[in-house]
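Take a look at the structure below.
Residue numbers start from 1 in every chain, and the chains themselves are labelled A, B, ... in the order their sequence lines are given, proteins ahead of strands.
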Amino acid sequence: MSIKAPHLTVLSIDGLSYDLFQKLMADGDMPTMSSFCKTHGIPRKMRSTYPPVSCVAWTSYATGLNPGKHGIFGFVDRKPGTYDTVFPNGGFVRGQTIWGILSDSGKKVFAMNIPCTFPPRKINGIMIGGFLASSFDRLSYPSAIGNYLKKQGYRIDINPFLGHSSKEELVSELELVLEKRIEALLYFLEYEHWDFFHAHIMCTDRINHFLLQHYYDGDSKLAFMFRKFYRKLDNLLGQLLDILGKEASILVLSDHGFTPIKQEVQLGRFLADTGWLVPRREQDPFAFDPLHTKAFCLTPGRIYINLKGRESQGCVLESEYKHVRKNLSKILLDLRDDDGNRIIKTIQTKESIYWPNGHSRPDTANIFNESFPFSMAPDLVAIPFDGYDLKNGINADNLFTKSALEGMHTYENAICMSQNLTLPTGDLKIRLMADAILRKMNVCIPPEMDMPQKKFEICSTPQEKFINEPT
Amino acid sequence: MNRLDELENQSLYIIREAFHNYRNLVMLWSIGKDSTTLLWLVRKAFFGKIPFPVLHIDTSFKFQEIYNFRDRYVKEWGLNLLITRNEEALKTEVDFDSKLQCCMELKTNALKQAIRQHDFDGLLLGIRRDEHGVRAKERLFSPRDQNFRWQYDNQPAELWDQYKSEAESNTHMRIHPILNWTELDIWKYIRQENIPFVNLYLAKHGKRYRSIGCETCCTAIDSDADSVAKIIEELETTDIAERAGRAQDKEDDHTMQKLRALGYM
């Protein structure tokens, strides 16, 4: 079968980590990808976003912006000015996305299943919403595509509760969802001639979350099922690469790394134990007494100072803010597990990783910058050592817990590889992909995009070393 | 006194107390059953002639039946009706697929604009405590600051029916005269007083609305209750939440369960 390949095809494999990918290839479980690597060079390591969460990372991919500008900081966020939660979706994203920019330039765009693209936007082509899409009715633009998918037995996502009840059943469901996804992908690939075609595989993230430890331990039924799943993925990717052909431009990437969980760390409970937070007996991410709480957190490792003036019942004065952050960081960096191992590798301050506007880091005098969405950013982001999964759990029974989850995200070892596409040189970050994609598509790059250059010239070639770059 | 008389009495007292205390009072009328009941009570409190305006926040997405009902009773009851719309947001790009942003722009911000424009210092609202979890902590007199923030942990106590009805400057007071009514009380009172209501609440072809707002965000429930008596009977037996047909609440529940299972909460 041959088709006229899109001008650029992107295949994204959620949470495929560098180490896991190398091991699977070395063990012969991914022969197609292994030969792809032989032709096009070993995959490059890529950095994710802070925090390394799919919706944050894919939004940075799609906008070329750091979270301080695009406004997605996690799957759960705060309703501004309150202690309530809200679930951000694609409608919350600030700034232009590559789908929109390409559509405006008259390119035919296809985007399928990418996290944080639900509800789908009107584009010049087809957009099928990704993770957290709730029903077929509003899954796609144009909406009639949803009916087609429903008839074909397409699956939006797995039932994640299976991961807790039966991992065997989870894997069979994952295989089914994957098959249906690839089936739809191939259908739409031939449907018309696309300029830009991006399809996303989410199942890899799910299987890594629930089976990664079993895989690394080896020699169990579940480890075998894990490898079988990746062999299947490799086979399906092989079919796709054959159809696209050797001349096509292809980008393959993941959004964050993965590592087995040693322990879940209930940071909310730690804040309560150390007196930073006064808990209330409720099942709520914000089960605390705001009048007596100096700091609280959200998964994973997003820490907020209860700042007076910004929060409705803040009790930390602006003059104390830096001092409080410093003290809290010190205590967190010294947190250890029962064997005396440190838990938290680094703590980033909000102004060191997020930019509110412009192309440089805000100066420290500007931390209280009220511009939205920078004002929504966590004050500190804790990055743990591999294996310590930071949760909130204010009322958890223990500081350290274990659950059915076996894998956690990491910041550093996402992957990126390509065929007939020039990748940025130097340190790779997922945020830089938008720039590379728009260049490949010969489309003007919006000046507000966070680019790696020192000087910003619209439609120019990449140049010189950069300074002051957000993550 | 029976329960309805007691509730009516308390509500009338609060409405008159509010009128006494605020120089620029307004009543919000969404034209649903609760605020129409409140409107009935306000008319009662002032013997048919309401001495302040009634405000309708029009998102422009309400059911046609709602607009028809509004226009009919504005004339019939001689209301001084103000209509506010966030024209700017309607003209530009509100993301209607994001419930929160849409409600925020078309309801919250429209109200903010109206308060600024007319300098209202007191708002009569028809919310009820049993409607939704977040409304449980409301007071009958509930102050908001300039930014609309509600400090629910820092509200004056309302013991023994003593209400703190004075507001500080730069704030506005929200007054909830029917806060203590339940959904069932409302329907019983509607039956007792024969209050008119939008017919979307009555079952047609096995479906009816329990809660109405924007056409885009409400779904009908399965029901055969095509009269007030049958609605009362239905409510006395059901255990489904009133706002279950409202999209924003339902979607969030689904999302939360899912994120919890994946360890993202």
Side-chain angles (χ1 to χ4, degrees), chain A residues 53-55 74-76 79-93 118-122 129 131-132 134-135 138 141 157-165 205-206 209-210 261 264 283-285 289-291 298-300 311-313 389 391-393 403-405 407-409, chain B residues 89 92-109 112 132-138 142-155 171 214-219 244-265:
Chain A
V53 175
S54 300
C55 58
F75 283 114
V76 183
K79 254 184 219 174
T82 71
Y83 302 98
D84 283 334
T85 46
V86 69
F87 305 108
N89 62 25
F92 287 60
V93 174
F118 174 83
R121 296 178 184 225
K122 292 186 179 75
F131 181 40
L132 287 181
S134 47
S135 71
R138 296 165 57 227
Y141 174 83
D157 199 2
I158 51 141
N159 165 13
F161 298 98
L162 281 179
H164 297 264
S165 54
D205 175 86
R206 305 290 184 254
H209 267 306
F210 287 106
I261 296 176
E264 289 175 3
Q283 274 297 332
D284 185 296
D289 171 7
L291 291 175
L298 278 178
T299 307
E311 310 300 343
S312 61
Q313 295 173 71
D389 195 12
K391 301 286 193 218
N392 184 2
S403 73
L405 294 164
M408 60 174 273
H409 299 180
Chain B
T92 58
E93 275 181 41
V94 180
D95 181 2
F96 299 111
D97 285 327
S98 162
K99 306 269 172 238
L100 191 73
Q101 201 195 338
C102 185
C103 279
M104 181 82 173
E105 285 295 343
L106 299 184
K107 293 186 186 169
T108 317
N109 287 344
K112 268 188 193 172
H132 189 277
V134 294
R135 295 189 170 167
K137 288 171 182 160
E138 274 290 2
S142 173
R144 296 294 143 106
D145 68 10
Q146 289 146 293
N147 302 322
F148 263 44
R149 280 189 294 222
W150 172 39
Q151 306 204 358
Y152 56 81
D153 273 21
N154 198 15
Q155 305 182 99
T171 62
C214 291
E215 188 162 6
T216 42
C217 295
C218 290
T219 37
R246 293 280 191 129
Q248 196 188 326
D249 300 352
K250 199 161 61 182
E251 225 160 68
D252 278 4
D253 246 19
H254 164 87
T255 304
M256 188 151 63
Q257 296 297 339
K258 200 160 177 177
L259 290 176
R260 203 156 260 157
L262 288 166
Y264 292 138
M265 282 286 288

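- Atom CG in B:L262 sits 12.0 Å away from atom OG1 in A:T299 (nearest 0.5 Å).
- Heavy atoms of A:D205 lying under 4.5 Å from chain B belong exclusively to its side chain.
- Only the side chain of B:L259 comes within contact range of chain A, with at least one heavy atom under 4.5 Å from a heavy atom of that chain.
- In this view, A:S135 and A:D137 satisfy the side-chain contact (heavy atoms from CB on, under 4.5 Å) rule, not counting sequence neighbours.
- Looking at every heavy atom in both residues, A:F210 comes nearest to B:A261 through CZ-O, 3.6 Å.
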